[in-house]
Student: 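For reference, the structure I am asking about is given below.
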Amino acid sequence: MSSKNLQVGRVLRAGTRGFTVGCAVMQPDLPAFGSFVRVEGQTSGSAIYGLIYDVSVEDDPFVRQFISADPPEEVVRDQRENRQVPIEVSVLAVGCSDGVTIRQCLPAQPPVTLDWLYQCTDEEIQAFTARFDYFRLVLDARQVPADELLGASLLAAAAARPEGERETFLVEAGRGLARLLAGDPVRLEGLLRRLRAW
Amino acid sequence: MTLELSRLTGQVQAMGEELAARARQFAGMVELARRWLIQYADMGERLRHPARAIRAAIPTDEPFNAIHPLPATPERFTVIAADGSQIQPDPHGVALYYLVNVGSLVYRHGSGEAPEAHSEPVLGHTGTDMYENGRLVTGNLLDVRRDLAEITRLADLCAVEPSGPTVALVDGTLILWVLEDRSEEWQRAKVMAYLDQLHRIREASATVAAFISRPRRAEVTRLLHLASVDGDKNRVDQEPNPLERLPDRALFETLPPGARSALFVSPSPTNYDYYHPAGHGVHFCYINLAEEGLDPVIARIELPAWVAENPDRLALVHGAIVAQARITGDYPYALARADELAFISGPERKTFEEMVVTALLRAGMRSALSPKAYYKTLTRQGRRKYRG
């Protein structure tokens, strides 16, 4: 359970459907695949919500030199912490807020370069997942592993709730999925199986 | 594309053949040079004086063919490297300025810590920055400023480094290269400013060395020619040198892995006029950086007298350079990173130019490229094949 906003990184590239942030080094407490994240919007109090769907580490010819060698710890830390090769975190936009109401739709404007991306607190995740309208945005997104992402996000949303509410939440989410995927029982079955993994 | 590659085919082929022929010729020279290295190994004392006159390597007390194996390094030691790059003033640009960017890396061996990486950009734009004795600070004048910025950065970092074995590394030569067409007073001022920084490094109880990758100097081979004519410098002038243009590194490719050659003194006039009197007389040697079983990689190392003449400091520099080079394979890791930190890429240069334009506009000044520079921006983007 998390109650404070953790900074993930700064926005490198952005569009209304999603954005990519860069962070200097992978840390164990940085959000993982399926995590809910937030970027502050252009107007005061507004925010754009998203789901992390990819974390990639870029390479270059210099770092490649050390793959087959056994570099000293100082070199490993230099390459990880100092070199200007960021870890890229890709985010699918799934909602926005004007500071009062959360809407599960694409934002009107993307975030701006170098805006900070934060991990959502448990309270924010609970507030965002009080509705399931964002399911459609995820299921229709072509650039992401949609089913895996939706399953991981629902498990993260369940974990953000008090223990006694988790099962009820997942059952409700399963019903929401059943309504959307009534015509695709194979896909529905796969998704529900992921939720049962709880 | 306006470079007619097809017209170069013949020239490139001729170049390849000429270089291959020269390499074959060098093979014969190397054999002779190595024979002479052994034959005249102990003639150092007799050759010291004439060697300086003909700008050959000046012998020290070590035999020419001395081999010093790789010494042990302390469990913990620090290597500090600095390197610089610059944007030259462009009279056709939106404003007249220069930029010097110095990158540095502090690498603490055996600490397990991430090295400390820094970049220090300095913008020159005032009248005092841009002109020296009425000359625009460009070319060699700017190179000298960059070299001074690099050595000053090294001295600053050595001054704040906690006590312990420390090696400051310069990329290239330790002898400041100043054009001889400048006044003697100007040359002296610049070299003395450089020597002040070497002095600060010494005062900080650190050592300093310059690293030259794939050196082309032919000073030891010139010394061998002098030895072959019994130290007679008049005969050196009159008789052809059978080792002409043979680089010293070819001579030392037989060094065992990690070993260094004998020490010699640089015959550069700047060394004798300024460095020696100040106690920083530049010595040099060659080191084989390669690991056992690999082809030799010969680098030239330059050291001030107070490092070269102190066996502990000399061993520290020798061991530290080999340790650093073996991280990457054949080039000191800290120098490679300092270069990376100093490098100003094309996109960075463009972004910086945009910053300058914005700053000028904010200050109420409209700026523009010269017509020549403007048309270059048009013709050099998305070039088409020349159809003339």
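Note that the structure is predicted; figures quoted are calculated from it, not measured. To find a chain, count down the sequence lines: A is the first, B the second, and so on, and within it residues start at 1.
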Student: Count the heavy-atom pairs under 4.5 Å between each of A:E74, A:E73, A:Q65 and chain B, then report the option with the highest count.
Tutor: A:E74
Student: May I ask you to check whether over 12 heavy atoms, not counting those of B:E292, lie within 6.0 Å of atom CD?
Tutor: no
Student: Once salt bridge (Lys or Arg N to Asp or Glu O under 4.0 Å) is applied, what residue pairs with a partner in residues 12-21 of chain A remain, sequence neighbours excluded?
Tutor: A:R13-A:E88
Student: I need the full list of salt bridge (Lys or Arg N to Asp or Glu O under 4.0 Å) pairs touching residues 34-46 of chain A, with sequence neighbours left out, sorted by first then second residue.
Tutor: A:R38-A:E40, A:R38-A:E124
Student: Got a sec: does the CZ of B:R362 have more than 12 other heavy atoms crowding it under 6.0 Å?
Tutor: no
Student: For chain A, which residues of residues 101-118 of chain B have at least one non-hydrogen atom nearer than 4.5 Å to it?
Tutor: B:L105, B:Y107, B:R108, B:H109, B:G110, B:S111, B:G112, B:E113, B:A114, B:P115, B:A117
Student: Might you point out which heavy atoms bring A:F66 and B:I327 nearest each other, and give the distance in Å?
Tutor: CE2-O, 3.4 Å
Student: How about B:R349: does its CZ atom have over 12 heavy atoms from other parts shown lying under 6.0 Å from it?
Tutor: yes
Student: Could you tell me which residues satisfy salt bridge (charged side-chain N to carboxylate O under 4.0 Å, His left out) with A:R136, sequence neighbours excluded, listed by chain and number?
Tutor: A:D140
